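Proteins come first, then strands; the chains are lettered A, B, ... in the order of their sequence lines, and each starts at number 1. Note that the structure is a prediction, hence the values are computed from the model and not measured.
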There are 2 protein chains.
Amino acid sequence: MSKCEQCIVRQFSSLKALGKEELLKIAECKTSYTIKKGEPVFEEGEMTNGIYCVKDGVCKLSKLSSNGKDQIVKLVKPGELLGQRSMISEEPANLSAVALEDMEVCFIPRTEIMQFFNQNNQFSMNVMKTICGDLKDADEHMVNMAQKSVKERLAGTLIYLEETFGKEADDTLRLQLSREELAGMIGTATESCIRLLSELNKNNLIELVGKRIKIIDKAKLRRLSE
Amino acid sequence: MSKCEQCIVRQFSSLKALGKEELLKIAECKTSYTIKKGEPVFEEGEMTNGIYCVKDGVCKLSKLSSNGKDQIVKLVKPGELLGQRSMISEEPANLSAVALEDMEVCFIPRTEIMQFFNQNNQFSMNVMKTICGDLKDADEHMVNMAQKSVKERLAGTLIYLEETFGKEADDTLRLQLSREELAGMIGTATESCIRLLSELNKNNLIELVGKRIKIIDKAKLRRLSE
DNA sequence: TCTAAAGTATGACAATTATCATATTTTAAT
DNA sequence: ATTAAAATATGATAATTGTCATACTTTAGA
């Protein structure tokens with residue numbers, strides 16, 4: 001059982017409002033997990049009964065649509081919390097969380113967290129602001145889905161991936177998504193996604209290095225995304 | 001200056017957690033407005049510095065997309081609060097709120113509401129749950145935009161409008177949206193929206209009574225929306 | 001009441017996107 | 001190392017959706 005005080009999640013999430021004693025309480029009741037790439041943290045419809053702290057590894061939050069395709073709603077990176085909405089709403093998870101890389105997470109039971117809501121106003125406020133940020137992002141995302149073309153969305157997503165998750169030494173995007181997952185982010189068929197990647201490649205906006213993607217002309221790509 | 005105790009907003013919103021004294025404080029500092037159909041309550045980018053209680057009349061929350069079209073993100077009905085996200089995030093409004101009918105609203109300054117967050121845990125929890133509900137809706141909405149066809153979204157929207165805002169005596173939808181606004185809800189071009197309405201009319205799923213819409217075969221419409 | 005403007009409707013056409021087929025490459029398991 | 005399965009890629013084609021033009025209808029204001 002490791003301490004929570006130096007944890008990356010504590011530094012970047014709502015938990016930064018917690019004091020030493022509160023952190024000790026968490027350290028006592030938390031459980032740590034390793035989750036392999038491709039495995040779920042939790043799945044749509046499941047009762048989570050607590051929150052997950054993402055110590056390492058990125059995961060996707062996705063929802064199965066009635067057409068059988070998986071739409072990726074959000075990517076979650078180390079330092080962030082998972083499952084806040086379900087915990088507050090006291091509802092089953094609305095989304096599935098699946099590891100895109102090997103992950104290290106800690107689970108904190110609902111009962112512990114709920115105590116902090118009553119004791120620690122700054123913590124409540126932090127959680128509220130995080131969820132408000134998610135809501136703003138979701139609204140913007142929704143407008144993009146409704147109003148932008150697939151090509152515009154692809155361009156925007158590639159820029160987002162580079163700016164959020166960075167590049168490898170060879171300049172390719174650090175976060176490895178399959179073409180199917182990339183299609184699931186922009187909301188299109190896998191073939192359409194592949195075709196547009198080829199087109200961007202031909203036009204020298206990006207370069208395809210095997211299945212990895214390198215952004216060549218970020219300015220043009222940004223203009224394309226509007 | 002009327003009392004807040006019997007107000008519809010108090011009954012249906014997060015404000016139901018407030019006690020008599022708190023309601024009196026609100027009654028003293030609130031300002032009431034009448035907003036005519038078509039006029040904004042607030043606009044994207046504006047600092048709102050408080051929340052609006054919707055006593056009467058429906059309004060649309062929309063966002064201007066880079067292609068110049070207005071995407072409707074949510075409809076807000078009497079009893080609900082407006083501007084919670086901006087107030088909590090301490091940011092300018094992300095969306096414009098425009099009256100679809102003549103409205104009656106009350107404005108409560110940010111400073112008052114923030115006090116309740118510190119004093120009244122139930123109130124905080126209510127606000128948090130409301131925003132969590134909005135986030136869940138937004139995620140679902142986003143998946144629909146990304147994965148469903150325009151026809152499916154139109155069918156779903158018509159059902160939503162009937163179930164949420166009801167029907168007139170002649171069975172037409174009570175809430176009057178222009179074709180452009182309906183297109184803005186489902187995220188399509190106005191002409192496409194009109195064309196699909198005509199098609200649903202021909203297939204006897206709906207009936208067009210002038211510019212009003214009557215749902216004829218709700219079961220088929222629901223199946224169509226999946 | 002008349003008229004201009006806005007809203008609704010429809011056709012023609014082009015652009016976008018999905019689907020199905022198939023080939024090629026990569027990955028993982030035996 | 002070999003092979004089957006999965007992922008990537010591309011072509012052909014159809015379906016969906018957007019755009020532009022135009023006509024008709026309703027609304028609001030002079």
Find out whether [X] and [Y] are in side-chain contact, i.e. whether some heavy atom of one side chain is under 4.5 Å from a heavy atom of the other.
{"X": "A:Leu158", "Y": "A:Leu200", "value": "yes"}
{"X": "A:Leu81", "Y": "A:Val9", "value": "yes"}
{"X": "A:Asp217", "Y": "A:Asn204", "value": "no"}

Would the base of D:dG18 count as contacting B:Arg195 through its side chain, where contact means a donor and an acceptor less than 3.5 Å apart?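 Such a pair does not exist between side chain and base.
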Show me the protein contacts with nucleotides 15-17 of chain D, counting only N or O atoms at under 3.5 Å.
residue : atom : partner  : partner atom : Å
D:dT17  : OP1  : B:Val150 : N            : 2.8

Apply the test salt bridge (Lys or Arg N to Asp or Glu O under 4.0 Å) to residues A:Glu39 and A:Lys36: give CA-CA distance (whole Å), side-chain angles for both, the deciding distance (0.1 Å), then the verdict. CA-CA 6 Å; A:Glu39 285 178 1; A:Lys36 289 254 168 256; over 6 Å; no
Kindly assign one of parallel, tilted or perpendicular to the pair A:Phe107 and A:Tyr52, based on the angle between their ring planes and the thresholds 30° and 60°.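 Judged by the thresholds at 30° and 60°, the geometry between A:Phe107 and A:Tyr52 is tilted.
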Looking at the side chain of A:Lys69, which of D:dA9, C:dT10, C:dT19 is the nearest nucleotide?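 For the A:Lys69 side chain, the nearest candidate turns out to be C:dT19.
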If you only use heavy atoms from C-beta on, which nucleotide in D:dT19, D:dT8, D:dA9 is closest to the side chain of A:Ser178?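 Looking only at heavy atoms from C-beta outward on A:Ser178, the closest nucleotide is D:dT8.
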Hey, what do you get for OG1 (B:Thr48) to CD (B:Glu90), rounding to the nearest 0.5 Å?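 Output value for this atom pair is 11.0 Å.
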Working to the nearest 0.5 angstrom, can you tell me the gap between B:Ile26 CD1 and B:Cys4 SG?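 Interatomic distance, B:Ile26 CD1 to B:Cys4 SG, rounded to 0.5 Å: 5.5 Å.
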B:Arg212 CZ to C:dG7 P: how many Å, rounded?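 Interatomic distance, CZ of B:Arg212 to P of C:dG7: 17 Å.
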In whole angstroms, how far is the P atom of D:dA9 from the CG atom of A:Asn201?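 It is 9 Å, rounded to the nearest whole Å.
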In this structure, which one of B:Glu101, B:Glu168, B:Glu162 forms a salt bridge (charged side-chain N to carboxylate O under 4.0 Å, His left out) with B:Arg174?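 Option passing the salt bridge (charged side-chain N to carboxylate O under 4.0 Å, His left out) with B:Arg174: B:Glu101.
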Can you name the atoms? Protein N/O to nucleotides 22-27 of chain D N/O, anything below 3.5 Å, with the distance.
none

Applying a 4.0 Å non-hydrogen cut-off, can you work out what A:Ser198 is touching in the nucleic acid: base, sugar-phosphate, or nothing?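 The answer is sugar-phosphate, as A:Ser198 gets under 4.0 Å only of primed atoms, P, OP1 or OP2.
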5′-ward residue of the pair A:Ala146/A:Leu177 relative to DNA chain D: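 First, find each residue's nearest nucleotide; the 5'-ward one identifies A:Leu177.
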